[in-house]
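Note that ligands are numbered from 1 as they come in the structure, with each ligand's atoms numbered from 1 the same way. Bear in mind the structure is a predicted one, so any value in this text is a computation, not a measurement.
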Amino acid sequence: HYSDTFRVKLFFGICPVENPRTPAHILCDWAYLAQKTVKGSDIVNFAFYDDALRKRLHDESYITDQMYEALEKHQFKLFLQPKVEISSGRIVGAVALVRWQHPTDGLILPGRFIPLFERNGFIMRLDAYIWEQTCSTLRTWLDKKYDPTPISVNMSRLHFNDDDLPSRLVSLMNKYNLPRHMLELELTESAFFANEPRLVRLMDELRAAGFVFSMDDFGTSFSNLELLSQVHFDTVKFDKSLTDSIVDNPKTQILFKAAVSMCREFGDTLTLAEGIENEEQLKVLQKLGCQLGQGYYFARPLPEDEFWERYV
Ligand code: C2E
Ligand code: CA
């Protein structure tokens with residue numbers, strides 16, 4: 001049927017028979033699950049169905065089986081971590097981080113479920129829920145005549161497949177009668193792999209509507225310098241891995257200094273260092289011109305009610 005030639009690649013899933021009574025169709029299913037983990041890879045073309053894979057798949061189905069109910073029962077909780085102005089020690093913002101308050105397993109950290117939710121799409125619902133919780137929290141504080149700082153929320157790249165994103169966010173802000181800049185949108189670097197012209201268009205639309213952006217995880221695997229030249233970010237957040245080596249590695253310092261000056265020259269883009277854990281790091285960062293910081297040195301992420309008791 002086709003005039004082109006095709007390159008055929010074979011991928012294998014291997015399931016050792018440990019118990020001779022296991023039915024053949026189950027063994028085939030397991031081998032198939034193992035095969036799915038390498039399909040399309042250029043590096044390996046086979047995988048074993050072993051204990052590690054069994055455990056991973058089990059954990060994933062444990063989470064997917066419960067995620068809808070968890071959302072309905074409000075088990076996902078909003079935690080907040082302050083953003084601090086380094087020169088004054090003043091709190092100038094907060095970051096919204098999700099935790100799963102599981103009825104039997106206790107508090108589950110996002111590392112265990114966010115990557116999975118990014119793959120199965122559930123992140124769209126969870127993010128929307130966290131944005132709503134954030135707005136509702138801000139509204140409560142404003143009604144109580146506190147003077148809250150803006151709160152940043154994480155934004156998965158999947159949201160940029162949705163052309164309705166700007167109107168969804170605008171109606172959310174209208175629902176809680178909040179100024180747009182109170183909800184800062186944090187994009188992770190992986191977001192920039194997505195359809196870029198569309199991403200730039202949606203970001204422009206959101207900026208025109210008054211939303212504020214930060215680029216998260218700057219300095220990890222893929223630094224999109226090109227995107228920095230196309231859209232304006234209000235803040236660039238340097239990944240914790242850079243902060244970790246800032247004291248001992250002179251090359252990290254050079255890199256950091258250059259990035260800070262690049263952000264300055266972009267206009268008023270602020271730089272924030274993530275994961276500051278001690279005073280030594282803070283001092284070096286300040287010397288390099290970094291304006292904002294976040295990390296256990298200042299405060300750990302706190303449940304929203306504890307956050308307001310301490311910081312609002
Ligand atoms: P992130 O947005 O870069 O958040 C910073 C992470 O570093 C948080 O981990 C925070 O608890 C941790 N952290 C902050 N300061 C320090 C420190 O001084 N030392 C150390 N060791 N860690 C510090 P967490 O809460 O586990 O979140 C991990 C990641 O999960 C986040 O990274 C973010 O990418 C993602 N995430 C969290 N909540 C959400 C959400 O609601 N939606 C989406 N899409 N992603 C989320
Ligand atoms: Ca980050």
* **Glu304 and Lys77 ion-paired at < 4.0 Å** => no
* Identity and separation of the nearest protein heavy atom to atom 30 (O) of ligand 1 -> Pro110 CB, 3.8 Å
* Does Lys237 reach ligand 1, in the sense of a heavy atom lying below 4.0 Å from it? -> no
* Main-chain N/O of Ser156 paired to Asp127 side chain as donor or acceptor, under 3.5 Å -> yes
* Any side-chain donor-acceptor pair under 3.5 Å between Gln291 and Thr271? -> yes
* **Salt-bridge criterion met for Asp51 and Arg54 (N-O under 4.0 Å)** => yes
* Do you know which N/O/S atom name in Asp217 is closest to the Ca ion (ligand 2)? -> OD1
* **Shortest protein contact, atom 13 (N) of ligand 1 (heavy atom only)** => Tyr296 CE2, 3.8 Å
* Enumerated ligand 1 atoms positioned under 4.0 Å from heavy atoms of Asp217 -> 3 (O)
* Answer with side chain, backbone, both or neither: which part of Leu97 has a heavy atom less than 4.0 angstrom from an atom of ligand 1? => both
* Using the ring of Phe79 (Phe, Tyr or Trp, six-membered ring only), decide whether Arg99 places NZ or CZ under 6.0 Å from its centre and within 45 degrees of its axis. => yes
* To do: Compute both the distance and the angle, then confirm whether Arg300 meets the cation-pi test with Tyr296: under 6.0 Å from the six-membered ring centre, within 45 degrees of the axis.
  => yes
* Asked: Quick one: does Glu309's side chain get under 4.5 Å of Leu302's, heavy atoms only?
  -> no
* Structure fact -> Short version for Asp127: what comes under 4.0 Å of ligand 1, heavy atoms counted, is side chain
* Asked: Using a heavy-atom cut-off of under 4.0 Å, does the side chain or the backbone of Asp216 touch ligand 1, or both, or neither?
  -> side chain
* Is_contact(atom 17 (C) of ligand 1), protein non-hydrogen, under 4.0 Å -> yes
* To do: Give a yes or no on whether the ring-centroid distance for Trp131 and His159 is below 6.0 angstrom.
  => yes
* Could a heavy atom of Glu118 be found less than 4.0 Å from some atom of ligand 1? -> no
* **Beyond-backbone contact of Lys83 with Ser152, side-chain heavy atoms, under 4.5 angstrom** => yes
* Under 4.0 Å from atom 7 (O) of ligand 1, do we find at least one protein heavy atom? -> no
* Numbered atoms of ligand 1 (with element) below 4.0 Å of Glu274, judged on heavy atoms -> 3 (O)
* Asked: If you look at Asp216, which of its N/O/S atoms is nearest to the Ca ion (ligand 2)?
  -> OD1
* To do: Return the residue, atom name and 0.1 Å-rounded distance of the protein heavy atom closest to atom 25 (O) of ligand 1.
  => Arg99 NH1, 2.7 Å
* Asked: Is the closest side-chain heavy-atom distance between Asp162 and Arg168 below 4.5 Å?
  -> yes
* Sub-3.5 Å donor-acceptor pair from the side chain of Asp50 to the main-chain atoms of Leu53, do we have one? -> yes
* Where on Leu126 is there a heavy atom closer than 4.0 Å to ligand 1, on the side chain, on the backbone, on both, or on neither? -> neither
* To do: Would you check if Leu183 and Leu178 make a side-chain contact, meaning some heavy-atom pair closer than 4.5 Å?
  => no
* **Proximal candidate to atom 38 (N) of ligand 1 [heavy atom criterion; set Leu158, Val98, Asp244, Thr134]** => Val98
* Asked: Please state which protein non-hydrogen atom is closest to atom 36 (N) of ligand 1 and give its distance, to 0.1 Å?
  -> Asn154 ND2, 3.8 Å
* For atom 19 (N) of ligand 1, find the nearest protein heavy atom and state the residue, atom name and distance (0.1 Å precision). => Glu277 OE2, 2.5 Å
* Using the rule that two of Ile, Leu, Val, Met, Phe, Trp, Tyr join whenever any of their side-chain heavy atoms come within less than 4.5 Å, decide whether Leu78 and Trp141 are in one cluster. => yes
* Would you please determine whether Gly111 falls within less than 4.0 Å of ligand 1 on a heavy-atom basis? => no
* Considering the heavy atoms of Gln81, write down every atom of ligand 1 situated less than 4.0 Å from one of them. => 14 (C), 15 (N)
* Structure fact -> When distances are taken from atom 11 (O) of ligand 1, the protein heavy atom at minimum range is Pro301 CG, 3.3 Å
* Structure fact -> The answer for which part of Val153 has a heavy atom under 4.0 Å from ligand 1 is neither
